[in-house]
Amino acid sequence: MTDVSILDLRKTYPGQAQPVLDHFSLSVHAGELVALLGPSGSGKSTILKLITGIETPDSGDIQFNRKTILNTPPNQRGAVFMFQKAYLFPFLSIAENIGFGLKMQNASKATIQAAVKRMLDLIGLPGIEKRKPAHLSGGEQQRVALARALVTQPRLLLLDEPLSSLDTAVRANLQEAIRRIQRELGITTILVTHDLSEAMSMSDRMALLLDGQVAAFDQPMRLFQHPPSEQAARFVGINTFLRGEVSDGCLRTDLGTLEVCPNRSKPGPGVFAIRPEHIRIESNQRPNALPGIIKDCTYHGEYVEYQVEIPEMSVRARVPMPTEMVPHGAPVHVIFPQEHLFQIKNA
Amino acid sequence: MTDVSILDLRKTYPGQAQPVLDHFSLSVHAGELVALLGPSGSGKSTILKLITGIETPDSGDIQFNRKTILNTPPNQRGAVFMFQKAYLFPFLSIAENIGFGLKMQNASKATIQAAVKRMLDLIGLPGIEKRKPAHLSGGEQQRVALARALVTQPRLLLLDEPLSSLDTAVRANLQEAIRRIQRELGITTILVTHDLSEAMSMSDRMALLLDGQVAAFDQPMRLFQHPPSEQAARFVGINTFLRGEVSDGCLRTDLGTLEVCPNRSKPGPGVFAIRPEHIRIESNQRPNALPGIIKDCTYHGEYVEYQVEIPEMSVRARVPMPTEMVPHGAPVHVIFPQEHLFQIKNA
Amino acid sequence: MSQRLSTYTLQLLLYGVLATPLVLFAVYAFSERWFFPALVPQEWTASPFARLLSDRRTLQGLGESLSIAAAASLLSLAISFPAARTLGLRAFRGRQAAWLAFFVPTVVPPLAIGMGLNIFFLQIGLAGSMLGVTLAHLVPTLPYTIFTLSSVFARYDENYEHQALALGANPVQIFFRITLRLVFPGLVVAGLFAFLISWSQYLLTLLIGGGRVLTLPMLLFSSVSGGNPASIAALSLLFVTPPVLVIAATARYLGQHGAAVQEQY
Amino acid sequence: MSQRLSTYTLQLLLYGVLATPLVLFAVYAFSERWFFPALVPQEWTASPFARLLSDRRTLQGLGESLSIAAAASLLSLAISFPAARTLGLRAFRGRQAAWLAFFVPTVVPPLAIGMGLNIFFLQIGLAGSMLGVTLAHLVPTLPYTIFTLSSVFARYDENYEHQALALGANPVQIFFRITLRLVFPGLVVAGLFAFLISWSQYLLTLLIGGGRVLTLPMLLFSSVSGGNPASIAALSLLFVTPPVLVIAATARYLGQHGAAVQEQY
């Protein structure tokens, strides 16, 4: 089991003025699956390239078990990876693909054969040794790529959006398979993705990346429910922020006063956030509500998304079905339940 | 305003034994937005190609306002389309791109200039006349493609997964824009997509396509809540089906007896379905429940998805957060609330 | 940093290579006396050029060379365009065979092609004519134009045409306003190939022209037997200048074509 | 249906085109008397072949042609590989210039190249040698091999190599087990180009070889002045057969290379 420390990493690509990564640090515990979540261009993939040694950092250090690996040649680091595309060698059979890593270590034929069989059982595709990669479906190819990566019992598994080109059903299936195998083998794993749901369902901890920096790093549930900053909150789908003066369990905003949980709020100027599915819409005046006007209403199956205009801000609320549809232009009251309003710490 | 009737269409591609479409019929009302939802290979895009005239059907008819268009040359049908890629002409400016259709009709320079300006205002990108397509972002390119398509006031707008290569935020934004412009101009529109949420939020009616046939065709909300067949139900995310004998408001299954709404059930052998978000999980015995064992539990932010093994079937339940996490392997009771169980008509 | 430096070095080197023949031939042509190991000629003169330009055959050769090369490239493009579009865009069973066929003209010895064509052209009265020589030049130019244009069409996306069609353009408008504009860089490169191949063709011109068609390579060959290095250099300079000008004029399309090949990756 | 039929017709036609030179030369070579308008020769004979094969120079020419063409192709590939990889994979500022440089050897008249090289080779003692001729052949072959391999590398995905690297392969193992295997069809096509160009080279062989290097095109040229059509045909058959065999042997890679060009679309 390997733990990974990334220390104050900086990387600039040749010909570019701005570094992709700057002062980037992250530590991954042994056996943990950490997801790196970020928009395109946030430097997610660069981190993986630096760890494997395909790219070299400007400065900073990468350590496995507290020892630097920057001087280790890429092919001896024991960091394997999986991309969006499987990159199975097209001229080799499935067995030869999976056995490639062992062959490079000069393992005996019998050892390789046994290992290939074990891996094929593990990924749930026994008996396909002799086939060629081109004859497998996209999902099967990714399973084989996983087997090929893991056969040498590497120290670290790096996943770079491995599922983003697959259909929804195949994807859910593979997410489960990867998670199961990762836990079974206890291999330290870093998953790069731009899919919030994938990051949350697969990872032990999740890092939000923005502009080459870690904006937040915590367990998915904690980040989802109480993101530490406004940036982090937007990442996890929150877009309603209320600014005002906090005192005596009340948030005094320009629009009105809302009650907040006194034990979770700090007096002084503050920002409160609330998840769209916790906001409620009613026609009648209720406590802890602000008046607004319905601007748009979109049906999404399990819920209806209302866009409500309250002076100087637009609020998105997700009301679960079944609900009475409120017509466009109707005046409503937007309720911010006290127990769901939480204060942003790093405002 | 144009209504579209597709009548008993059949299309086989050269060199293929199976037709992509067979006995395919669909009618779209004037000014309506109909979504065609289906997995890849279900023939969705072929329908659009047949309507524009890029492909010719083996048999069947396509009518605009009850008149066949199969003998009209493709460039006089007035059916414009938008793809996943914008296909803006790279060597023309934005104004020349948008004005292309009018130029083909020999419109005057002043007319074209005024129309381009109007379209740019409509898509919310005023003042970019002189730019080249390569300098626009993906979302902006798609907006311009929409403007170019609509400038000639065509009879029919065909959208072939126009947003599937865009980021989530840009996508939501464009969905709203397309829907707003479509309603404003009242143009009959067919949207091809594989994204259930996109189909539901944008369309007036939604057709589920499977194997070149329409499996169901209705308003999104009705399809989502009461899909007519098991196939259609799987499309909209339902995967729990209970089979048994219905009598006296009860469904007698092999696993136990469940109460169902008597006025929504037909006596005799029947299949009942329930949406995953309506299934509840409890540790204690409750009415209308079956005993099971937790097999898997995935955190998805707004809800937790439990996979529960009840004899001979596996049930997925989505329990909204916050909830107490039930540990793996725990015996539970799976509750099927009477009001959410509905009978599949075409079982 | 060092990567950028080496890029500049490479760039300089390559432009140097392109300019080298011009400079070398010019120096040679104007040198009266130039003996090893001197770096520049000891004496200069313009007389080889005066001699060359006063010869009526020089201008005739230049004119015929230019006419034949221009006609051969345009004809080559016109024939290749539909063929390449089919080869590049449509998947069909005979495509492998079609790729093989590209190699046929490279295999058959030019001598055999020339003699065969000559017999045929004699019968139909094309031997010894400019038209006959132009048609003969199509044998070596066509494979290259078809090959280049096929690779252009292999990357071509017909959806641009479909968009124009749906927007109301008729097939003629689509061809001139969309298709031609999209493949233009490739068309220029293919035309350049054809021009260069026709321009330096010697054997086919000799065999089909039978001495009656006089192009620059013919003059160059006969002047070589004359043996005056300065005259040869002067004629070589005249021979090299038009292609270099054509390449310089089309450089930006070459770059675009090259860039298009890159983009796919 | 009609589409499939025309595909077959096309296929047949193209294979026919490839076989035509062989058949024609064979018929010519074995014909004793053959006058217009007879479709087949009136009398057959094997004597031109007997004469040809009994000539010591024939086998020498075949041997030297094969050696030079093989050496020139292999050298060409070895030099082009790193150059093409850089051109195809890396984006750098001088690339447009590099594309231009491909055209230089096509522009400079072969005569000038030959004479220039000859002076240089005389000084370093390579004139008149097989090695000298082989090196001279690199001038026309290199542009084609670099061009072909660049387009292969423009489509090449380095991630295969990165995968092998992460799986523990060292650079040598990666080169032989991954890189070479992935680009093999393109390598074969480039090598074939180089072979064919070197094989039919006449002028450079004459100028550099100075009569001491004897390849088949030299023999063919001298036999043309002899004027016996049957002998010319027999020699032509000998000249055409090896390239046709090489093309046939590599046909499946040509197809794969062509298919790879298609796939990108």
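Chain naming here is simple, since letters A, B, ... match the order of the sequence lines and numbering starts at 1 in each. The shown structure was predicted, so the numbers you read here are calculated from the model rather than taken from an experiment. The basis for the numbers below is simple: all heavy atoms, side chains too, and nothing from hydrogens, waters or symmetry mates.
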**Request:** Could you tell me which non-hydrogen atom of B/H300 sits nearest to which non-hydrogen atom of A/S197, and how far apart they are?
**Result:** ND1-OG, 3.5 Å
**Complete:** Okay, B/Q219 and chain A: the region with an atom under 4.5 Å from a heavy atom over there is neither
**Request:** Output yes when B/K295 and A/E176 qualify as a salt bridge under the 4.0 Å nitrogen-oxygen rule, no when they do not.
**Result:** no
**Request:** Could you tell me whether A/E309 atom CD has more than 12 heavy atoms of other residues or ligands within 6.0 Å of it?
**Result:** yes
Structural part of [X] lying under 4.5 Å from a heavy atom of chain B:
X      : value
A/E302 : both
A/R275 : side chain
A/R318 : side chain
A/E339 : neither
A/D195 : neither
A/S201 : both

**Message:** Looking only at heavy atoms and a cut-off of under 4.5 Å, which of A/M221, A/H278, A/M200 has the most pairs with chain B?
**Reply:** A/M221
